[in-house]
2 protein chains.
Amino acid sequence: MANPALSRETLLPKLAAHVLEHGLGGASLRPLAKAAGTSDRMLIYHFGNKEQLVIDLLEYIAGVYSTALDMAIGPDRPKTRQECFERILEQGRQPGMQNFLVLWWEIVAGAARGVAGYREAADQMMTKQLAWLETQMPADDPDPAGGARFLMTLLEGTLMLGVVGHERTASDGLVAGQL
Amino acid sequence: MANPALSRETLLPKLAAHVLEHGLGGASLRPLAKAAGTSDRMLIYHFGNKEQLVIDLLEYIAGVYSTALDMAIGPDRPKTRQECFERILEQGRQPGMQNFLVLWWEIVAGAARGVAGYREAADQMMTKQLAWLETQMPADDPDPAGGARFLMTLLEGTLMLGVVGHERTASDGLVAGQL
DNA sequence: AACGCAATGTAGCAATTGCTACAAGAGGAA
DNA sequence: TTCCTCTTGTAGCAATTGCTACATTGCGTT
């Protein structure tokens with residue numbers, strides 16, 4: 001091969017970076033190609049068509065998210081469910097996490113509308129996050145599996161409310177719900 | 001005026017219907033115009049530009065949602081928070097509600113990305129839903145305001161998990177959380 | 001009747017979209 | 001060498017995008 005430096009595998013990280021920065025729905029071939037240092041012509045060549053490119057890209061991003069979680073195992077366990085919950089929220093506020101969260105809602109929207117690949121990627125990310133959360137539950141939790149699911153539900157609701165400017169609604173609710 | 005049958009006010013319901021069916025992000029002027037029985041030329045004439053059209057449309061949709069909630073006051077109050085929660089979930093499963101939910105995630109995604117008008121509309125809808133939920137809390141609830149916020153958070157998390165195929169995660173979590 | 005203005009149709013434009021046809025270089029296989 | 005396949009560049013095409021210029025209609029005012 002002439003230039004193996006530009007295969008799918010080398011392209012995907014750069015494409016992902018561009019998508020994290022500028023969004024997934026509005027991404028078109030030429031800007032994507034420019035960000036990856038190639039041409040639209042080559043993107044089609046490597047991925048077949050744009051739909052497949054998006055599918056592969058989502059799968060790749062889900063994989064990145066997965067390995068990121070693998071490396072994010074905290075050294076110490078939280079004492080309570082509440083502390084666990086707050087730690088994860090705090091983690092979501094990290095600067096590197098913001099782009100990811102914004103993209104996340106785009107993935108959810110695509111999944112809701114049934115766009116190819118979106119639901120699979122979202123499912124994979126949620127499954128992974130759930131498994132990760134189970135490992136992060138308090139050591140003496142009576143029901144880590146169920147508790148993790150409960151926290152997940154609260155967590156996603158809290159994130160959504162935060163996005164639309166209702167972080168207070170969520171935090172006030174948590175107090176009233178005696179999490 | 002020559003034809004007052006096609007003003008902003010008469011246009012908006014038809015535009016909203018089209019957007020509920022086909023989505024908001026991918027909506028372009030000509031299909032929108034066709035659905036509303038007019039031309040792209042006239043949409044620009046009435047709304048100035050597309051961005052303003054979307055802003056007005058979101059505001060209108062938020063208003064529709066608001067009045068829909070006003071008319072959805074159940075005759076009897078639920079006995080428990082859990083029953084209240086399940087009723088609302090059930091309501092979200094109504095066929096007419098599905099299109100709305102799909103659009104909702106698009107609005108959330110737009111709000112997260114900072115697109116003009118999205119956050120305002122989402123904020124308005126959440127505020128309204130919260131107020132409505134307060135009126136639907138059990139009559140003997142010790143803290144209706146806080147409880148409503150707690151239920152809202154759980155509700156939105158449950159909806160999101162449902163969208164990505166994790167409805168079981170949410171329902172199992174609710175059991176473990178002794179809602 | 002003359003005028004003015006709101007409302008609308010017709011054409012079109014420059015940019016962007018995903019994608020393709022064609023050709024060419026480059027490296028390995030025969 | 002000759003061929004063949006992988007990879008890439010150059011041009012371009014038909015469709016769609018938001019938007020505009022220009023002309024016309026029709027109604028109310030004067």
Side-chain angles (χ1 to χ4, degrees), chain A residues 1-16 18-19 21-61 103 106-107 109-110 113-118, chain B residues 1-16 18-19 21-61 103 106-107 109-110 113-118:
Chain A
M1 55 192 95
N3 186 1
L6 287 182
S7 61
R8 273 178 190 236
E9 286 63 36
T10 43
L11 250 17
L12 281 172
K14 304 182 193 173
L15 294 174
H18 180 264
V19 152
E21 191 72 23
H22 301 91
L24 191 42
S28 43
L29 287 181
R30 275 175 260 259
L32 277 173
K34 191 170 182 182
T38 178
S39 65
D40 55 332
R41 166 71 179 74
M42 289 316 292
L43 289 185
I44 297 291
Y45 177 74
H46 283 299
F47 294 93
N49 52 43
K50 195 198 171 183
E51 182 179 348
Q52 192 59 49
L53 184 153
V54 170
I55 292 174
D56 291 355
L57 191 46
L58 281 171
E59 194 185 331
Y60 172 77
I61 290 174
L103 182 63
E106 211 172 334
I107 294 175
R113 183 132 275 132
V115 187
Y118 282 67
Chain B
M1 54 191 97
N3 186 1
L6 288 182
S7 61
R8 271 178 192 235
E9 285 64 35
T10 44
L11 250 20
L12 282 172
K14 305 181 193 174
L15 294 175
H18 179 264
V19 152
E21 191 72 25
H22 301 94
L24 191 42
S28 45
L29 288 180
R30 274 173 260 256
L32 277 174
K34 191 171 183 180
T38 181
S39 65
D40 57 332
R41 167 72 178 73
M42 290 314 294
L43 289 185
I44 297 291
Y45 178 73
H46 283 300
F47 295 93
N49 53 43
K50 194 198 173 185
E51 181 179 349
Q52 191 58 50
L53 185 154
V54 170
I55 292 174
D56 291 356
L57 191 46
L58 281 171
E59 194 184 332
Y60 172 78
I61 290 174
L103 182 62
E106 212 172 332
I107 295 175
R113 182 132 277 133
V115 187
Y118 282 67

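The chains referred to below are lettered A, B, ... by the order of the sequence lines, with proteins before strands, and numbering in each begins at 1. Bear in mind that the values here come from a model prediction, so they are computed numbers and not experimental data.
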From CZ of A:F47 across to P of C:dG18 the rounded distance in Å is 14 Å
Taken to the nearest 0.5 Å, the spacing of B:L24 CG from B:L58 CG works out to 5.0 Å
| request: Tell me whether the OP1 or OP2 atom of D:dT8 has a side-chain N or O from A:H46 closer than 4.0 Å. | output: yes
Here the distance between atom P of D:dC19 and atom CG of B:L43, to the nearest Å, is 11 Å
The residue, B:S39 or A:G26, whose nearest nucleotide of DNA chain C is more 5′ is B:S39
note: B:Y45, atom OH; D:dT24, atom C1'; distance rounded to Å ~ 14 Å
Taken to the nearest whole Å, CG/A:L32 to P/C:dC19 is 12 Å
Show me the side-chain donor-acceptor pairs of residues 28-43 of chain A shorter than 3.5 Å, one per line, residues at least two apart or across chains.
from, atom 1, to, atom 2, distance (Å)
A:R30, NH1, A:D40, OD2, 3.0
A:S39, OG, A:M42, N, 3.3

CG of B:L12 to NE2 of B:H46, rounded to nearest 0.5 Å, is 10.5 Å
From the candidates C:dT17, D:dT8, D:dC19, the one with an atom nearest any side-chain atom of B:L29 is D:dC19
To the nearest 0.5 Å, atom CD1 of B:I44 lies from atom CG of B:L53 at 7.5 Å
B:Q52 atom CD is separated from D:dC19 atom P, nearest whole Å, by 11 Å
(request) Report which part of the nucleic acid B:T38 touches: base, sugar-phosphate, or nothing (heavy-atom distance under 4.0 Å, all strands). (result) nothing
request  = May I ask you to check whether over 12 heavy atoms, not counting those of B:E51, lie within 6.0 Å of atom CD?
outcome  = no
A:K50 atom NZ is separated from C:dT20 atom C1', nearest whole Å, by 17 Å
When rounded to whole Å, the CD1 to P distance for the pair A:I44 and D:dG9 reads 14 Å
Here the distance between atom P of C:dA7 and atom CD of B:E9, to the nearest Å, is 12 Å
Give a yes or no on whether the backbone of A:G25 and the side-chain of A:E106 come within a donor-acceptor separation of less than 3.5 Å. yes
_B:R8 side chain vs B:F47 backbone, donor-acceptor pair below 3.5 Å_ = no
Between the protein and nucleotides 11-16 of chain D, are there any N/O to N/O pairs under 3.5 Å, and if so, what are the atom names and distances?
none

